[in-house]
Amino acid sequence: MILVLAEQRGGRLNRASWEVIAAAQQLADGDTISVVLPGGDLSAAGQELASAAVTEVVLLQHAALEPYTPDGFVQALHAFVQQAEPSLVLLAHTYQTRDFAPALAARLGRSLITDCVGVREQGGARAFTRPMFQGKLAADVVPLGPTPHLVSFQIGTYRADQAARGNAAVRVAEAALDPARIRQQPEAPFQEARQAVDLSQAERIVAVGRGIKNQESIALAEKLATALGAELAASRPICDAGWLPMERQIGSSGQTVAPKLYVAIGISGAIQHVVGMKGARTIVAINKDSEAPIFEVADYGIVADLFEVLPALTSALQE
Ligand SMILES: Cc1cc2nc3c(=O)[nH]c(=O)nc-3n(C[C@H](O)[C@H](O)[C@H](O)COP(=O)(O)OP(=O)(O)OC[C@H]3O[C@@H](n4cnc5c(N)ncnc54)[C@H](O)[C@@H]3O)c2cc1C
């Protein structure tokens, strides 16, 4: 049995849970799939999950699971996984997963492979591909030791809309946990910045990376974006530096987009960036390094200095 650990916050299902359901369906090969959703009030999220083509949905309830604490989740899921005896436990690589999954794996004494971006057959075993050294290497990792093995998938690795729909049996189970053994007292959850721009709806995107060198030069990309009628976006270092707002970041920790046209300027093509834009219909990359990984996903590549190409492109478009 493959067990999917779904995630909700305030009763709302995390969309990434559907991605993991899609992953489980692709890996199942006749195996049964169970989805477990831990929390307090799970009725709405449970109803949504009931439309998944899986064997069973378990709503693992306990008042002490709301609000989320790593201790509460580890206790409840440790007991649940031990009793369910799955061969594989799949999770979305969310912040919550980063928080409790290592402790859960340690408590179970089982292997955990995090942030995977794919699965391959390797000598009859499943190898999980995960980026290493900030995406410079992709390692195929085969879990060792007794099952269940725990695996988390990077957001965007599987598509939520590819999860097959059906009619799952939903069962409510009382989580086995002792609230007195929860050591954390959570504060009010962090409020993510309201997104002023919804890049997922943009038809054309011009994205800048570290190759742009300084904040002033972003104006060059902005002019190209205006000439194309495109939205401006960026790789993470640009947003980390505060040169563009966070809501314009594309990638695993930013937005996932699928425009008709994506122009990547001075972006190397790290996996964390590529997962956010590989769904674009046409990708144009401008980079002075012909070996940059962005060219592997680009439909058109311009190997040149962006400071020469951008003004030329913009003026050609303006004409
Ligand atoms: C947990 C985690 C989450 C992450 N999430 C994200 C995310 O959501 N989004 C994201 O983008 N990154 C993310 N990253 C970071 C990611 O790994 C890369 O570090 C980042 O994408 C690199 O950004 P870049 O391509 O702009 O910079 P670099 O990798 O430094 O690339 C700059 C490129 O510009 C080119 N260049 C330089 N000068 C010129 C010039 N004059 N003309 C043309 N080309 C030039 C260079 O050849 C190089 O290829 C994440 C990393 C981690 C560990």
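Ligands are counted one by one from 1 in listed order, and the atoms in each one are counted from 1 as well.
Between Arg236, Lys288, Glu308, it is Arg236 that holds the heavy atom closest to atom 12 (N) of ligand 1. Looking at Ser235, Ala285, Ser253, Ala207 and measuring to atom 24 (P) of ligand 1, the nearest heavy atom belongs to Ser235.
Residue Leu306 has at least one N or O atom closer than 3.5 Å to an N or O atom of ligand 1. Considering backbone and side-chain atoms together, Ile250 places an N or O closer than 3.5 Å to an N or O of ligand 1.
Distances shorter than 4.0 angstrom do not occur between any heavy atom of Gly276 and any atom of ligand 1.
Only the side chain of Pro237 comes within 4.0 Å of ligand 1, judged by heavy-atom distances. Proximity of Ala304 to ligand 1, defined as any heavy-atom pair under 4.0 Å, is confined to the backbone N, CA, C and O atoms. Contacts of Ala270 with ligand 1, taken as heavy-atom pairs under 4.0 Å, involve the side chain alone.
Of all the atoms in ligand 1, the ones that sit under 4.0 Å from a non-hydrogen atom of Phe307 are 41 (N). Those atoms of ligand 1 with a heavy atom of Gly209 less than 4.0 angstrom away are 26 (O). Using a 4.0 Å cut-off to heavy atoms of Asp305, the atoms of ligand 1 that qualify are 40 (C), 41 (N), 42 (N). Residue Gly251 has at least one heavy-atom neighbour below 4.0 Å for each of these atoms of ligand 1: 7 (C), 8 (O), 9 (N). Within ligand 1, counting atoms from 1 as listed, the ones closer than 4.0 Å to a heavy atom of Lys213 are 37 (C), 38 (N), 39 (C), 41 (N). Counting atoms of ligand 1 from 1 in the listed order, those under 4.0 Å from a heavy atom of Gly254 are 8 (O). In the vicinity of Asp289, heavy-atom distances shorter than 4.0 Å reach the ligand 1 atoms 47 (O).
Hydrophobic clustering (ILVMFWY, side-chain heavy atoms < 4.5 Å, transitive): Ile250 and Trp243 are in distinct clusters.
For the pair Arg159 and Trp18, the NZ or CZ position fails the cation-pi test of under 6.0 Å to the six-membered ring centre and within 45 degrees of the ring normal.
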